[in-house]
Trainee: 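Structure below; questions to follow.
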Amino acid sequence: MESGFQFDWGAAFGSVPYLLKGIPYTLLISFGGLLIGFAIGIITGLASLSRNRLLRWPATAYIEVFRGTPILVQVLFIFYGLPDIVGGPINALTAGIAAIALNSGAYISEVVRGGVQSIDKGQTEAGVSLGLSRSQTFWSVIWPQALRRMIPPLGNQAIVSIKDTSLFSVIGVGELVRQGQIYIATTFTAFEVYFMVALLYLAITLTLSSLLRFVERRGLAST
Amino acid sequence: MEKIVRMQRLNKYFGDHHVLKDIDLEVQSGEVVVIIGASGSGKSTLIRCVNGLEGYESGELVVDQQKLAPKGGNQKALAAIRKEVGMVFQQFNLFPHLTVKENIMLAPMKVKDTDKSAAAGVAMKLLDRVGIANQAEKYPAQLSGGQQQRVAIARALAMEPRLMLFDEPTSALDPEMIGEVLDVMRELAKEGMTMMVVTHEMGFAREVADRVIYIHGGQIVEEGKPDAVFDNPQNERTQSFLSRVLKH
């Protein structure tokens, strides 16, 4: 076996226009899913902090199920399994967004809970002592501070979710990896193409993390 | 004279620990009551009961004509009391995400529906009164401990309380900042504010208090005019406590 491998720059750059077509899907699934996941995370995170068991238990069950099972299984279940119940096919894009939403929601829920619990008890005491109701105290005193502390872990979750979308090539969403696979099928330049795929993910995640560092610095300047 | 606080045979437990034992205490309008005692004696718990930050198990507690049920029940009475009772904490507990001015404006706007410009006016007047109007736009973390505590006092005053509770307001301060906070409290007392103060500042207690209460093991062991308590304590526990704290 001789290894006469030569990195084929032509193939690498040639794949880029094709790969770029996948990026809107990658971003749409990631950020669409994360946006819904954030809403789910806030609701279930606050429910998991509730004194009411009827709120707390379902929230806890949801968190355990979606953190405790692989996202690949979740998306396969949604895409191939759920149609048996709902009685019609589910669009691959929808399935991908739903999987990111439900999966990130479970993690964001824990981020929300941790953020809220990290705020000193004295803040609540000061709020209610001034005559604010419990909910006024929560929304004008606790939540803004908790949100600020949640930025780093939320950014972390966003990066994880962006990378998770690569798994959705298995259900045929034309995202970044899927585009690469299709390209490789005709050119057989796996090394070059996956190298470019990796670089494009890195470009997205690096942009996001530097953006987050900027937001974090601005947020922390006032505390 | 109108009674603002009336406690009768108040008992409070933390689990098995009996923190307050049969406390009988009345505070008249305009009176300054200073509560002294060793740490763990129950003095902080006592004033935290007054605005319902701590519930109690048995007895009776009436604050500003509102009967506060045991276990912190009765949300309506609790809400009514907290509007009329201000509190200043050992750790200041300012809201770090709001400016000094916003800290003071928050409660009047949310609780009393005061409009923003009126609330800002009140805030500036109060900041002027506690001597830090020039810090209005800063965030709490940019202020010294003494300044933060003065903001906390202004924040409580913005609700125009009928009673102010001070829970060891100078205990977290560097020694050189204690004076500026005590000065503000002294002024407040002079203007006729009803105050309950838990403190280790015996000089302040002697000078400002109308009445000093010594608590030991969850019980009021001695109470009276400051001169009587400090110069001629009747109970031997008070004597030994005072001999320890007044030495230095």
Side-chain angles (χ1 to χ4, degrees), chain A residues 38 41-42 45-46 49-55 108 111-155 212-223, chain B residues 44 47-48 50-54 72 75-76 78-100 102-114 137-142 148 151-152 154-161 163-167 172:
Chain A
F38 190 47
I42 290 174
L46 296 182
L49 286 166
S50 166
R51 284 180 227 171
N52 185 343
R53 274 180 240 168
L54 290 175
L55 293 173
I108 292 172
V111 169
V112 169
R113 191 173 61 90
V116 170
Q117 281 178 333
S118 75
I119 306 301
D120 186 69
K121 190 165 71 70
Q123 293 288 306
T124 302
E125 291 187 348
V128 299
S129 296
L130 284 165
L132 298 173
S133 69
R134 289 233 150 233
S135 76
Q136 284 175 327
T137 302
F138 183 81
W139 292 113
S140 37
V141 175
I142 307 301
W143 183 249
Q145 295 184 57
L147 203 55
R148 218 161 279 189
R149 289 194 192 176
M150 281 156 50
I151 293 172
L154 282 176
L212 281 161
R213 260 196 298 277
F214 174 74
V215 173
E216 223 178 295
R217 255 202 308 274
R218 279 198 45 193
L220 292 177
S222 59
T223 52
Chain B
S44 283
I47 68 165
R48 284 165 60 85
V50 174
N51 69 345
L53 286 184
E54 300 287 351
Q75 290 301 313
K76 253 176 114 179
L78 201 56
I81 286 169
R82 284 171 175 171
K83 269 184 220 176
E84 302 295 333
V85 178
M87 186 158 198
V88 173
F89 300 87
Q90 183 176 349
Q91 300 295 340
F92 330 135
N93 295 347
L94 291 178
F95 307 133
H97 61 300
L98 301 178
T99 64
V100 162
E102 288 165 347
N103 261 273
I104 302 171
M105 291 162 64
L106 180 69
M109 286 170 62
K110 294 272 174 197
V111 182
K112 291 185 163 172
D113 282 325
T114 309
E137 305 302 333
K138 287 193 181 167
Y139 285 90
Q142 297 169 288
Q148 289 190 50
V151 173
R155 179 176 69 173
L157 291 175
M159 288 297 288
E160 301 178 309
L163 165 67
M164 284 282 284
L165 307 173
F166 291 86
D167 187 6

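Reckoned from all heavy atoms, side chains included, excluding hydrogens, waters and symmetry mates. Chain letters run A, B, ... following the sequence lines, proteins first and then strands; every chain starts at 1.
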Trainee: Which pair of non-hydrogen atoms, one from B:A152 and one from B:V88, has the smallest distance, and what is that distance?
Mentor: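 Heavy-atom minimum between the residues: O-CG2, 4.3 Å.
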Trainee: Any ion pair linking A:R148 and A:E216 (charged N to carboxylate O, less than 4.0 Å)?
Mentor: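 So A:E216 does not pair with A:R148 through a salt bridge.
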Trainee: Does CD in B:E160 sit with more than 12 non-hydrogen atoms of other residues, nucleotides or ligands closer than 6.0 Å?
Mentor: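 Not buried by this count: 12 neighbours or fewer within 6.0 Å.
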Trainee: Where on B:I81 is there a heavy atom nearer than 4.5 Å to chain A: the side chain, the backbone, both, or neither?
Mentor: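 When you check distances to chain A, no heavy atom of B:I81 falls under 4.5 Å.
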Trainee: Does NZ or CZ of B:R155 lie under 6.0 Å from the centre of the six-membered ring of B:F95, at an angle within 45° of the ring axis?
Mentor: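 Yes, B:R155 sits over the ring of B:F95.
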Trainee: Report the option among B:K110, B:K138, B:K83, B:M159 that has the most heavy-atom pairs separated by less than 4.5 Å from atoms of chain A.
Mentor: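 Heavy-atom pair counts peak at B:K110.
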Trainee: What part of A:Q136 gets closer than 4.5 Å to chain B, counting heavy atoms only: side chain, backbone, both or neither?
Mentor: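 Contact with chain B involves the side chain of A:Q136 alone.
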